[in-house]
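In what follows, a structure is listed as structure tokens, so that the remarks can point back to it.
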Amino acid sequence: MKEINYGKMGMRIRQVRKAKGWSQDELAKKCGISMSFLGHIERGTRIMSLETFASICEALEAGADELLWGVANPSESMLELWDSADKKAGQKEKDSYAMYVRIMKSVAEIMNEA
């Protein structure tokens, strides 16, 4: 089983945030967490809950595999899942349940590859 490197994951979160031109405060507010906690996440000194991880993925519009492992291109099955969710939702933003399902399927797929 692959072990999560929280420092590298935090670095990837920071890179995506900065690429969007957002401050830590902006991302923290979008995710409903404190700026201090986001700083710890980005440094890899604190572990976040799955709910917080899902919020960060959603806010940054980044896939779980991208933030967890640095895999920039999602797998075909993930693309199909996202397309399916988009069509069913019929809206730009997906509800939090659908986000959890996508993240968990992505994590399970990655773990099965290890």
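Atom set for the values below is all heavy atoms of this structure, side chains included, hydrogens, waters and symmetry mates excluded.
We find the CZ-CG distance between Arg14 and Leu38 to be 8.5 Å, quoted to the nearest 0.5 Å. We find the SG-CZ distance between Cys31 and Phe37 to be 10.5 Å, quoted to the nearest 0.5 Å.
Qualifying side-chain contact (heavy atoms from CB on, under 4.5 Å) partners for Ile4, counting only residues two or more places apart in sequence or in other chains: Tyr6, Met9, Leu68, Trp69. For Lys18, the salt bridge (charged side-chain N to carboxylate O under 4.0 Å, His left out) test picks out no residue, with sequence neighbours left out.
In this structure, Lys30 forms a cation-pi arrangement with Trp22, its terminal cationic atom sitting closer than 6.0 Å to the ring centre and no more than 45° off the ring axis.
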- Could you check Cys57 against Leu67 for side chain to side chain contact (heavy atoms under 4.5 Å, CB included), going step by step and ending with a plain yes or no? CA-CA 8 Å; Cys57 288; Leu67 297 180; 3.8 Å; yes
- Message: Quick one, Ile56 with Ile41, criterion side chain to side chain contact (heavy atoms under 4.5 Å, CB included). Give me CA distance, side-chain angles, the key distance, then yes/no.
- Response: CA-CA 10 Å; Ile56 290 172; Ile41 291 169; 4.2 Å; yes
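Salt bridge Glu42/Arg17: present, at least one basic N to carboxylate O contact under 4.0 Å. For Lys20 and Glu61, the salt-bridge test passes: some basic side-chain N is under 4.0 Å from an acidic carboxylate O.
Heavy atoms from other residues, nucleotides or ligands lying under 6.0 Å from NZ of Lys8 number 12 at most.
Thr52 and Ser55 share no donor-acceptor pair across their side chains, judged by distance under 3.5 Å alone.
Residue Ile33 is not grouped with residue Met35 when hydrophobic side chains (ILVMFWY) are merged at heavy-atom distances under 4.5 angstrom, including chains of intermediate members.
A heavy-atom distance below 4.5 Å is not found between the side chains of Arg43 and Met11. Residues Ile13 and Leu27 are in side-chain contact: their nearest non-hydrogen atoms beyond the backbone lie under 4.5 Å apart.
Taking each heavy atom of Arg12 and Glu66 in turn, the nearest pair found is CD-O, 3.3 Å.
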